[in-house]
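I have placed the structure first, in the form of structure tokens, so that the comments after it can refer back to it.
Here the structure is a predicted model, which means the values were calculated and not measured. Each ligand, and each atom within it, is numbered from 1 in the order the structure gives.
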Amino acid sequence: MTKIHSADIIIIGGGAAGLMAAAGAAATCTGRYPEAKVKVLEKMPRPGRKIMITGKGRCNFTNMKPWNEFSGHIHPKPNFLKPAFYNLSSEKMVDFLLDNGMESVIERGDRAFPASHLASDVVDALVRAAESAGAEILCGKEVTGISRQARNDNGEENETFTIRCADGSEYICRKLIICTGGLSYPKTGSTGDGYVWTEKMGHSIRPLFPSLTAIVPKGYKDGKGHIDRSNPLSENGKLLCGNQLKNVNLTISIDGNEAQSEFGDLDFTDGGIEGPIGFKVSRKCVNAIINGSKVSISLDLKPAVDVDDLTARINSLWNEVSKDRRNADKPYKDRFRFLLAKLLPMSLVQAFIKLNPNTDHKTLPKRLKNWEMEISGYVGYERAVVTAGGVSLEEVSPKTLESKLIPNLYVAGEMLDLDADTGGYNLQTAFSTGYLAGISAAKSL
Ligand SMILES: Cc1cc2nc3c(=O)[nH]c(=O)nc-3n(C[C@H](O)[C@H](O)[C@H](O)COP(=O)(O)OP(=O)(O)OC[C@H]3O[C@@H](n4cnc5c(N)ncnc54)[C@H](O)[C@@H]3O)c2cc1C
């Protein structure tokens with residue numbers, strides 16, 4: 001016969017949100033209900049697998065910007081996060097990690113990292129916080145189903161959840177916190193299971209789509225819509241891949257209307273367009289492509305100068321190139337290439353010429369300020385940093401993270417219809433919502 005284990009609070013998922021929920025719940029129980037049991041069920045052999053790969057292994061765990069700036073990086077409804085953020089702000093998170101043995105450093109753009117630059121230190125500190133407060137973290141526990149009972153065997157009102165695991169074990173609890181994350185990088189354990197359970201329990205799931213991912217210009221790789229990261233580069237992709245553009249302007253248009261414009265750095269990679277501003281526009285691009293809209297981008301490679309100044313500069317450079325006696329016998333296309341080499345990184349010159357075949361020295365200023373590319377697709381969950389969409393925020397209380405539909409059920413982290421830009425905002429969102437869910441569940445025991 002299956003032995004049913006019991007706990008007062010069960011947290012499914014030992015990632016960023018789940019570990020903070022465990023720490024918050026166990027610490028809150030310590031003073032009030034010292035006998036209460038808090039357990040985390042994590043399907044992977046170790047907790048925090050995704051945290052280990054964040055920030056390229058360095059883990060940009062939060063961003064120190066004050067709420068009025070921080071909130072501008074949260075989508076689609078930053079105000080939902082406000083109570084959780086005020087309860088556990090970025091500063092409090094830094095202190096929390098310090099109390100649990102981890103020092104931090106703040107880098108460019110107010111991004112916080114562990115001083116060791118090792119993501120494993122963040123995981124260790126979170127595990128230490130949860131376990132030292134009394135939570136038990138059980139790994140290798142893949143939850144396969146949840147059922148809810150409103151009454152006990154005697155017919156008395158007694159709400160409980162029964163949780164079944166792939167290894168045949170079962171757990172029963174009074175408070176359930178689901179923190180199973182999104183769909184991206186499924187090898188880390190986040191395979192979207194929580195969306196299925198919460199939907200079955202009556203929650204609406206706002207449309208899910210990958211965000212902070214590569215967008216793929218037409219002709220860069222074969223395919224349309226979701227283009228797998230492993231698809232090989234086409235000829236144009238090979239020419240562009242490896243170029244890193246600094247201080248450029250990227251504007252996206254959806255169905256011909258300008259939708260977003262960002263200034264900064266951009267990388268052409270084996271996936272497509274990435275880098276800080278590539279990622280920033282990816283949310284709108286992917287959503288638009290999925291909804292059947294036509295997406296294009298315009299790159300301004302010389303945003304610091306207007307087209308008149310650029311024209312004057314190009315005319316003067318063109319004079320130089322044309323008067324150079326070494327170029328006297330050279331055909332136009334060679335002289336045009338020499339001109340471009342004075343304006344662009346060498347690695348970009350050939351790609352620019354191939355992709356802008358009708359451009360000459362007269363039309364060059366306009367083209368440098370408006371290099372258009374159609375976007376045919378995006379890299380999917382296999383390499384997207386986050387999942388946008390999720391459990392509808394209308395159905396969850398922002399002050400407690402408790403479901404408004406199912407009493408005693410809490411939802412936190414990436415499972416919610418909340419996602420953020422790069423810069424430490426996603427992890428802080430998971431930490432803040434997880435912590436508040438844990439505290440709220442414990443307080444209501
Ligand atoms: C490559 C990459 C780099 C990133 N870098 C950063 C960064 O530097 N800064 C930043 O702020 N954000 C970063 N993020 C985003 C950030 O990691 C996530 O937003 C965050 O981890 C979400 O936390 P979570 O707890 O909701 O989900 P997760 O951290 O994904 O945790 C969910 C947990 O639930 C477990 N689980 C799932 N299903 C089950 C089940 N059926 N039974 C039991 N357990 C289950 C999973 O194994 C997993 O451990 C990055 C993401 C990726 C993919």
Can an N or O of [X] be found at a distance shorter than 3.5 Å from an N or O of ligand 1?
X	result
Leu427	yes
Ser184	no
Asn60	yes
Ala17	yes
Lys43	yes
Thr54	no

For ligand 1, note which part of [X] has a heavy atom under 4.0 Å away: side chain, backbone, both or neither.
X	result
Arg58	neither
Trp197	side chain
Phe61	neither
Lys50	side chain
Thr188	backbone
Leu41	backbone

Please report whether the ring centroid of [Y] lies less than 6.0 Å from that of [X].
X	Y	value
Phe70	Phe85	yes
Phe96	Tyr435	yes
Tyr185	Tyr381	no

How far is [atom] from the closest protein heavy atom, and which atom is that?
atom	answer
atom 22 (C) of ligand 1	Glu414 OE1, 3.3 Å
atom 29 (O) of ligand 1	Ala16 N, 3.6 Å
atom 41 (N) of ligand 1	Asp193 OD2, 2.7 Å

Report, in ascending order of atom number, the atoms of ligand 1 lying under 4.0 Å from any heavy atom of Lys141. 42 (N), 43 (C)
Neighbour count >12 (heavy atoms, 6.0 Å) for atom CG, Asp95: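 Atom CG in Asp95 is crowded, with more than 12 foreign heavy atoms closer than 6.0 Å.
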Contact between Ile51 and ligand 1, counting heavy atoms under 4.0 Å?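 Distance cut 4.0 Å: Ile51 fails for ligand 1.
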Nearest heavy atom to atom 27 (O) of ligand 1 wins, so pick from Gly423, Gly181, Pro186, Ala166. Gly181
